[in-house]
Trainee: 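Dropping the structure in here first, questions after.
Please read these numbers as outputs of a predicted model, since none were measured by experiment.
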Amino acid sequence: MTGLTICIITVAALAICIILGQKFNVNIGVLGLVAASVLGIFIFHMRPSEIYTYWPISVVLQMIIVTFFYGFATVTGTAKYMAD
């Protein structure tokens with residue numbers, strides 16, 4: 001696969017995660033982690049242990065914390081209040 005093909009597949013998966021997250025009111029970060037795993041294993045033919053080596057624990061924890069904080073702010077109405 002060429003680099004451009006990989007980029008197109010990745011951006012398409014990200015767009016799908018965002019659309020599904022907004023439509024079903026699901027945490028986008030969790031969908032993104034699942035999509036990254038599925039793409040890595042089935043599309044890019046990587047082993048799960050190889051995929052997880054690309055995710056430093058500090059980055060993963062930061063993504064989880066930020067996405068859950070955003071989800072909490074959205075559910076309680078804080079995000080809308082701050083945007084207004």
Side-chain angles (χ1 to χ4, degrees):
M1 264 188 212
T2 65
L4 181 62
T5 306
I6 291 172
C7 288
I8 290 171
I9 292 172
T10 305
V11 170
L14 179 63
I16 290 170
C17 287
I18 292 171
I19 291 168
L20 288 176
Q22 292 298 317
K23 181 173 179 157
F24 295 110
N25 200 18
V26 179
N27 192 327
I28 298 171
V30 174
L31 288 176
L33 289 173
V34 170
S37 298
V38 169
L39 285 177
I41 293 170
F42 296 110
I43 304 297
F44 303 127
H45 306 293
M46 300 168 68
R47 294 185 318 273
S49 60
E50 186 180 358
I51 294 169
Y52 299 136
T53 59
Y54 290 113
W55 292 349
I57 190 67
S58 61
V59 173
V60 172
L61 284 176
Q62 185 175 7
M63 283 187 347
I64 291 171
I65 290 168
V66 167
T67 55
F68 282 127
F69 176 73
Y70 176 73
F72 179 75
T74 301
V75 169
T76 61
T78 305
K80 183 173 179 354
Y81 177 75
M82 293 298 287
D84 290 341

Trainee: Do V38 and Y54 belong together in a cluster built from hydrophobic side chains that touch within less than 4.5 Å?
Mentor: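 The answer is yes; both residues are in one hydrophobic cluster.
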Trainee: Please say whether more than 12 non-hydrogen atoms of neighbouring residues, nucleotides or ligands are located less than 6.0 Å from CD in Q62.
Mentor: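 12 or below, so no.
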Trainee: How many angstroms lie between NZ in K23 and CD1 in I18, if you round to the nearest 0.5 Å?
Mentor: 16.0 Å
Trainee: Quick check on the hydrophobic clustering: are F42 and M46 connected, directly or via other members, by side-chain heavy-atom contacts under 4.5 Å?
Mentor: yes
Trainee: Nearest 0.5 Å please: distance from the CG atom of L14 over to the CD1 atom of I19.
Mentor: 10.0 Å
Trainee: Checking side chain to side chain contact (heavy atoms under 4.5 Å, CB included) for the pair I64/L33: CA distance, chi angles, key distance, verdict?
Mentor: CA-CA 9 Å; I64 291 171; L33 289 173; 4.3 Å; yes
Trainee: Measure across T78 and T76 and return the closest heavy-atom pair with its distance rounded to 0.1 Å.
Mentor: OG1-OG1, 3.0 Å
Trainee: Roughly how far apart are T74 OG1 and F69 CZ, rounded to 0.5 Å?
Mentor: 9.5 Å
Trainee: Nearest heavy-atom pair of L39 and A13: which atoms, and what distance?
Mentor: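 Closest heavy-atom pair between L39 and A13: CD1-CB, 3.5 Å.
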Trainee: Same cluster or not: V34 versus L31, using hydrophobic residues (I, L, V, M, F, W, Y) connected whenever any side-chain heavy atoms lie under 4.5 Å apart?
Mentor: no
Trainee: Kindly give the heavy-atom pair with the smallest separation between A35 and C17, and that separation in Å.
Mentor: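 Reported closest heavy-atom pair: CB-SG, 3.5 Å.
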Trainee: I would like to know whether V30 and V26 meet side chain to side chain contact (heavy atoms under 4.5 Å, CB included); could you show each step before the answer?
Mentor: CA-CA 8 Å; V30 174; V26 179; 5.8 Å; no
Trainee: Checking side chain to side chain contact (heavy atoms under 4.5 Å, CB included) for the pair Y70/I28: CA distance, chi angles, key distance, verdict?
Mentor: CA-CA 10 Å; Y70 176 73; I28 298 171; 5.6 Å; no
Trainee: Do I65 and F68 share a hydrophobic cluster, counting only Ile, Leu, Val, Met, Phe, Trp and Tyr and linking them when any side-chain heavy atoms are less than 4.5 Å apart?
Mentor: no
Trainee: Are more than 12 heavy atoms, taken from residues, nucleotides or ligands other than F44, located less than 6.0 Å from that residue's CZ atom?
Mentor: yes
Trainee: Under 4.5 Å between side-chain heavy atoms, counting indirect links through other Ile/Leu/Val/Met/Phe/Trp/Tyr residues: same cluster for I6 and I8 or not?
Mentor: no
